[in-house]
Amino acid sequence: MTRTQEGRSEERVCRPAHAPGLPSLRTAARLPAAFYERETTTVARELLGRILVRRLEGELLAGVIVETEAYGPDDPASHAWRGETRRNAVMFGPPGRLYVYLTYGMHWCMNAVTGPPGIGEAVLIRALEPLAGLEAMRRNRGGVPDRLLCSGPARACQALGITGAENGADLAGDAVYILEERVPVERVAAGPRIGIRHAVERPWRFHIPGSPHVSRR
DNA sequence: AGGATGATTCTCT
DNA sequence: GAGAATCATCCTT
């Protein structure tokens with residue numbers, strides 16, 4: 001346990017930014033499009049433990065993906081359910097792109113597009129374990145406890161400064177990218193997705209059990 | 001042109 | 001556990 005400036009007690013949550021064995025955030029290989037061009041639930045599981053990197057104003061922010069949700073195939077809960085529209089068009093494009101949308105008028109959420117072109121499927125990135133650029137994340141998130149910096153799809157986007165401007169970005173590019181190397185993931189838990197009205201029974205939410213950074217403890 | 005609707009978060013009880 | 005905030009998008013007149 002450590003003490004924050006405000007005196008709250010909280011768990012020590014972050015891996016050392018330069019721990020041995022962690023890849024270089026700038027130069028390490030990124031996941032190729034072929035990784036994403038597979039069954040969406042498989043991609044959702046295998047994104048856990050990968051490092052998502054955000055280049056923001058010359059600074060590198062990063063976090064380990066600890067929670068995801070699969071959307072598709074044949075999924076009434078998916079934005080793609082009623083076909084392609086202007087908002088969800090990126091979902092129907094090539095895999096390995098970022099699909100960013102606005103919900104409730106104020107919250108951005110990000111997805112990794114999966115499956116072959118023409119198929120509208122994606123993986124919602126729901127939570128990250130902050131790894132680098134924590135000062136910027138704290139700034140972007142308004143000084144909440146570190147455990148809450150990226151513990152939800154909109155929180156993660158706010159922490160990383162991801163908005164509609166990043167919609168369609170190539171995840172093998174330089175603005176937002178995901179590394180190929182994976183930190184050890186002991187177990188993966190599967191359960192119902194959060195906040196949806198349709199197809200609530202499908203166990204398409206995946207997370208690393210025990211992580212203090214998932215959206216629900 | 002207008003109304004309904006969220007893959008959420010925060011604050012309060 | 002409930003309610004509000006807040007608006008781009010989508011679907012119906």
Side-chain angles (χ1 to χ4, degrees), chain A residues 4 6 8 10 36 39-45 47-48 52 63 65-93 95 97-115 119-130 137-169 171 176 178 189-208 211-217:
Chain A
T4 63
E6 297 82 5
R8 285 177 310 234
E10 64 181 35
Y36 301 94
E39 203 172 303
T40 300
T41 52
T42 300
V43 176
R45 285 178 168 276
L47 277 175
L48 296 178
L52 186 145
I65 299 174
V66 296
E67 180 180 351
T68 59
E69 282 178 359
Y71 283 89
D74 222 17
D75 185 0
S78 169
H79 286 173
W81 176 242
R82 290 172 190 281
E84 182 174 344
T85 67
R86 193 160 73 221
R87 172 170 81 155
N88 66 21
V90 171
M91 289 183 78
F92 290 82
R97 301 284 183 82
L98 196 68
Y99 165 50
V100 185
Y101 67 89
L102 182 69
T103 189
Y104 294 96
M106 59 181 94
H107 298 301
W108 296 104
C109 297
M110 63 175 153
N111 302 252
V113 174
T114 57
I119 303 296
E121 300 185 19
V123 172
L124 176 68
I125 310 290
R126 285 198 57 93
L128 307 169
E129 173 183 339
M137 292 187 192
R138 295 185 185 110
R139 209 157 54 232
N140 294 339
R141 288 278 294 134
V144 302
D146 283 0
R147 183 171 49 78
L148 301 179
L149 282 177
C150 299
S151 59
R155 289 168 174 168
C157 281
Q158 187 179 33
L160 296 179
I162 289 173
T163 71
E166 281 68 47
N167 189 33
L171 284 172
V176 191
I178 301 177
R193 294 171 291 182
I194 292 175
I196 56 169
R197 313 184 11 165
H198 303 291
V200 294
E201 74 289 350
R202 296 185 194 181
W204 285 359
R205 170 179 178 251
F206 306 97
H207 70 280
I208 298 179
S211 169
H213 302 278
V214 298
S215 63
R216 296 195 174 175
R217 306 280 322 250

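Just so you know, these numbers come straight off a predicted model, no measurement behind them. Reckoned from all heavy atoms, side chains included, excluding hydrogens, waters and symmetry mates. Within every chain, numbering begins at 1; the chains are lettered A, B, ... in the order of the sequence lines, protein sequences first and strands thereafter.
Applying the salt bridge (Lys or Arg N to Asp or Glu O under 4.0 Å) rule to pairs touching residues 189-198 of chain A yields A/D75-A/R193, sequence neighbours excluded. Within the structure, salt bridge (Lys or Arg N to Asp or Glu O under 4.0 Å) contacts touching residues 78-92 of chain A (residues at least two apart or in different chains) do not occur. The side-chain hydrogen bond (donor to acceptor under 3.5 Å, both in side chains) pairs that include a residue from residues 148-158 of chain A are A/R141-A/Q158, A/S151-A/R155, where partners are two or more places apart or lie in different chains.
Residues forming a ring pair (Phe, Tyr, Trp, His ring centres under 6.0 Å) with A/Y101 (at least two apart in sequence, or on another chain): A/H79, A/Y99. Every residue meeting the side chain to side chain contact (heavy atoms under 4.5 Å, CB included) condition with A/I119, not counting sequence neighbours, appears here in chain and number order: A/P116, A/E121. Contacts of A/Y71 classified as side-chain hydrogen bond (donor to acceptor under 3.5 Å, both in side chains), with partners at least two apart in sequence or in another chain: A/E69. With sequence neighbours excluded, the residues satisfying side chain to side chain contact (heavy atoms under 4.5 Å, CB included) with A/A70 are A/T40, A/T41, A/A44, A/W204, A/F206. Residues forming a side chain to side chain contact (heavy atoms under 4.5 Å, CB included) with A/A169 (at least two apart in sequence, or on another chain): A/L98. For the salt bridge (charged side-chain N to carboxylate O under 4.0 Å, His left out) test, residues two or more places apart in sequence or in another chain that qualify with A/R205 are A/E67.
Looking at heavy-atom distances under 4.0 Å, A/L124 makes contact with a base. Note on A/R141: only backbone sugar-phosphate atoms sit closer than 4.0 angstrom, heavy atoms only; bases stay farther off. Looking at heavy-atom distances under 4.0 Å, A/A154 makes contact with sugar-phosphate atoms alone, never a base. Among the atoms of the strands shown, base atoms are found under 4.0 Å from some heavy atom of A/M91.
Between chain A and DNA chain B, the heavy-atom contact criterion of under 4.0 Å yields a 5' to 3' nucleotide range of B/dG6 to B/dC10.
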* If pairs are Watson-Crick or G-U with both distances under 3.5 Å, what is the dot-bracket string of DNA chain C, marking crossing pairs with [ ] and pairs to another strand with |? -> |||||.||||||.
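Side-chain contact between A/P130 and A/R138 is absent, with no heavy atoms from C-beta onward closer than 4.5 Å.
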* What string of B, S and - do you get for nucleotides 5-13 of chain C, 5' to 3', when a contact is any protein heavy atom under 4.0 Å? -> BBBSSS---
